Amino acid sequence: MSGLLGSIKGPQDVKRLTVEELPQLAGEIRDVLVDSCARFGGHLGPNLGVVELTIAVHRVFDSPDDPVIWDTGHQAYVHKLLTGRAAGFEALKQEGGLSGYPSQAESEHDFVENSHASTALSYADGLAKAFKLRRESDRTVVAIIGDGALTGGMAWEALNNIAAIKDLPVVIVVNDNGRSYSPTIGGLASHLSSLRVNRRYEDMLDFVKDKIGNVPVLYDALHGFKKGVKDVLAPQVMFEDLGLKYVGPIDGHDEQAMEAALRQARDFRGPVIVHALTQKGRGYSPAENHDEDQFHSPGAFDRATGAEKPKGRIWTNVFSEELVRLGKERDDLVAITAAMLHPTGLNAFAEEYPERIYDVGIAEQHALTSAAGLALGGMHPVVAVYATFLNRAFDQLLMDVALHRLPVTVVLDRAGVTGDDGASHNGMWDLSILQVVPGLRIAVPRDGDRLTELLREAVDVSDGPTVLRFPKGPVAEPIEPVGKLGEMDVLRAAEGEPGVLLVGVGPMAQVCMDAAVLLDAQGISATVVDPRWVKPLDEALVMAAGAHKLVAVVEDNGRVGAVGDAVARLLRDADVDVPVRTFGIPQRFLDHAKRAAILGRIGLTGQDLARQITEAVAKRTSHVEPARR
């Protein structure tokens, strides 16, 4: 890599540059960002917006002695380029290349591998306390958090604790671009917008309404907003109560202004907010002018025009279209998203029924309990989130929704192996953790036709919660059933004496169909069924299993405690003595790669499945055959 960026091997090289050289460095960084994301896709918009901010951070602080914590980690591309990873940046998010998020395996400058929002301030709180206890008083923790992530309650909890220790050296950089995925939603965002055009109350608005405060002050402020924010507490009173110093707002694209603010914050040796106003997509006009999300995370695109390369029809499209149709038929249907209106496909529903859509910000816990309230009020909420983010709202689903047997439908997009975004985004946990929820029903469609079918069945349930999950990427080709077994679809009937019963969960049905053909060539007859609803399991599965010599459950989820274990438990309880083999995702954090590559690596292909089942059948046969003399 040539130019100034090619000379940057670490933060010390950034410090050695003259002030006059910094605009050239920023331009080179933006060129690399656009070139790389144009080829493979990536989080372009957020990173274009933090170029000068990141340069300033690495000129003022001494990473890794001063930890730099990114929230959310998708805005850390510039950080990677400035910490010795420019040479490998062309392989960003590619198998064997750089991760799209901070990675401890890549660099000592990446302290945490965070990609779930609103966590950075809690990490910073703990790290700073640890340094204090270890008498490492010369170290400062820097947390960079977007205004979107500050809609998450965990960030407020952390701020409350950080403010309690007056000499805790934490510098919190609020990257305020007015957006998370889409425009930042909620009362916080509304007042922050007013701040941008009204300087008169900037100090007060930033401290109270723009993301900072402990609980008593927050309550006072919220009550004060009813009669007008200018009548709330005087700024000096808030400063005393909060224990947080404030610098800003600063033009986040004025590198020298950012440096000055960060030095002032660093030298205070206590918790300080540095409020930076930035523009998402800065420096690349197609991103700046992209109304939807400023190229938050585009796929591959044409660099000259910004036009994305066609993705084809994906699972999210099918869900989006069917929900709009259901909304027309049922005026009790409402939709909830957690700052992901477009990524989850709810934008179409919002356009048709704007009064029945709620974007709660990055607040999955609130989303589920708000949905419970809507259901108590006679509505049927559909909550659409990425599968990995449901982990954050498990308690609310269990105790606020399921305990009350409320009709709430949770739609999990990006379920199973997602691939490029790495370990934190694989939706491989839900089929395990949701097994323990009483009264919950879980549907897993194998193709687009079944998605529309099962979504309709899910929203028809009125006596408890339902979950519908589907993967990332192109929707699978339809597989028509050849028969029914209870409520399950029979996709392939064994010819002759039944040998293996293949239970294909959702998209894994096609893998089972591929394996059945290969097994047949080995003289092993196979029946393939799609349970459609995997919780509760259909009792017809008991009789079907008893008629076969081996049951193989194939699922796009972690193997522990999911559908395979549920099938084995069902058969044990029915005293059906047929061995059950579970094929799923190994219970470990997976490195990033394309979905197909990961499925191949972990053995979830027709060929791998057929080989493993053939070996299992051979072992079982050898155990029951009498020994030959």
Side-chain angles (χ1 to χ4, degrees), residues 69-74 101-102 112-126 143 145-161 180-182 184-186 188 211 335-341 343-344 346 358-374 381-403 406 408-416 418 421-437 440 442 465-469 472 557-558 561-562 589:
I69 312 298
W70 293 89
D71 186 337
T72 296
H74 65 234
Y101 292 89
V112 297
E113 304 190 14
N114 59 322
S115 62
H116 287 203
S118 310
T119 62
L121 301 186
S122 295
Y123 280 120
D125 176 60
I145 183 167
D147 58 311
L150 282 162
T151 62
M154 186 174 173
W156 288 80
E157 295 169 15
L159 283 167
N160 191 39
N161 282 272
S180 44
Y181 285 85
S182 300
T184 305
I185 299 297
L188 294 174
K211 338 299 198 243
I336 300 175
T337 178
M340 300 186 73
L341 188 71
T344 59
L346 290 183
Y358 302 98
D359 188 337
V360 300
I362 302 177
E364 290 86 359
Q365 293 174 310
H366 169 71
L368 264 295
T369 304
S370 178
L374 282 161
V382 175
V383 182
V385 296
Y386 282 7
T388 185
F389 297 142
L390 180 66
N391 302 352
R392 316 188 90 182
F394 174 74
D395 180 70
Q396 287 69 30
L397 180 59
L398 177 67
M399 290 299 176
D400 300 336
V401 177
L403 177 65
L406 294 172
V408 174
T409 296
V410 180
V411 175
L412 302 181
D413 201 332
R414 272 70 162 177
T418 57
D421 283 326
S424 61
H425 272 57
N426 287 316
M428 57 179 282
W429 321 104
D430 55 283
L431 288 180
S432 300
I433 63 177
L434 295 179
Q435 289 290 334
V436 304
V437 180
L440 176 72
I442 306 174
T466 53
V467 169
L468 177 76
R469 78 183 313 254
K472 177 182 179 180
N557 192 84
F589 296 111

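Because only heavy atoms are used, hydrogens play no part in the values below, and waters and symmetry mates are left out as well, while side chains stay in. Sequence positions, counted from 1, serve as the residue numbers for this chain. Just so it is clear, the model here is predicted, and its values are computed rather than measured.
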So Val467 and Leu440, side-chain contact (heavy atoms from CB on, under 4.5 Å) or not? Walk me through it. CA-CA 8 Å; Val467 169; Leu440 176 72; 3.7 Å; yes
Let me see the working for Val112 and Ile69 under side-chain contact (heavy atoms from CB on, under 4.5 Å), right down to the final yes or no. CA-CA 7 Å; Val112 297; Ile69 312 298; 3.7 Å; yes
How far apart are the C-alpha atoms of Asp413 and Val385, what are their side-chain angles, what is the distance that settles it, and do they pass the side-chain contact (heavy atoms from CB on, under 4.5 Å) test? CA-CA 6 Å; Asp413 201 332; Val385 296; over 6 Å; no
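Formation of a donor-acceptor pair under 3.5 Å by the Ser122 side chain with backbone atoms of Ala158 is not found in this model. Remark: side-chain polar atoms of Arg469 are not paired, donor with acceptor, to backbone N or O of Asp430 under 3.5 angstrom. Although no hydrogens or angles enter the test, the distance criterion places no donor-acceptor pair under 3.5 Å between the side chain of Asp71 and the main chain of Ala117. Of the possible donor and acceptor atoms, none in the side chain of Ser118 sits under 3.5 Å from a partner among the backbone N and O of Ala155. Formation of a donor-acceptor pair under 3.5 Å by the Ser370 side chain with backbone atoms of Ala367 is not found in this model. Distance alone, capped at 3.5 Å, places no donor-acceptor pair between the Trp429 side chain and the Thr388 backbone.
A 4.5 Å side-chain heavy-atom check between Met399 and Phe394 finds every atom pair outside the cut-off. You'll find the side chain of Asp400 stays beyond 4.5 Å of the side chain of Leu368, heavy atoms only. Pro465 has its side chain out of reach of Val410: every pair of non-hydrogen atoms, C-beta onward, lies at least 4.5 Å apart. In this structure, the side chains of Phe589 and Glu113 stay at 4.5 Å or more apart for every pair of heavy atoms. Taking the side chain as every heavy atom from C-beta outward, Ile442 and Thr466 never approach each other to under 4.5 Å.
Checked against Tyr386 for a side chain to side chain donor-acceptor pair (under 3.5 Å), the options His116, Arg414, Glu364 give a single hit: Arg414.
Separating the CD1 atom in Ile336 from the OG1 atom in Thr344 is a distance of 11.5 Å, to the nearest 0.5 Å. In this structure, CG in Leu434 is found 6.0 Å from CG in Leu397, a value given to the nearest 0.5 Å. For the atom pair CH2 of Trp156 and OG1 of Thr151, the computed distance is 10.5 Å after rounding to the nearest 0.5 Å. To the nearest 0.5 Å, the span separating CE on Met154 from CD1 on Ile362 amounts to 13.0 Å. To the nearest 0.5 Å, the span separating CD on Gln396 from OG1 on Thr369 amounts to 4.5 Å.
For the residue pair Ala372 and Val401, the shortest heavy atom distance occurs at CB-CG2, 4.0 Å. What you find for Ala402 and Val437 is that their closest heavy atoms are CB-CG1, 3.4 Å. The two residues Ala143 and Ala120 come nearest to each other via the heavy atoms CB-O, 4.3 Å.
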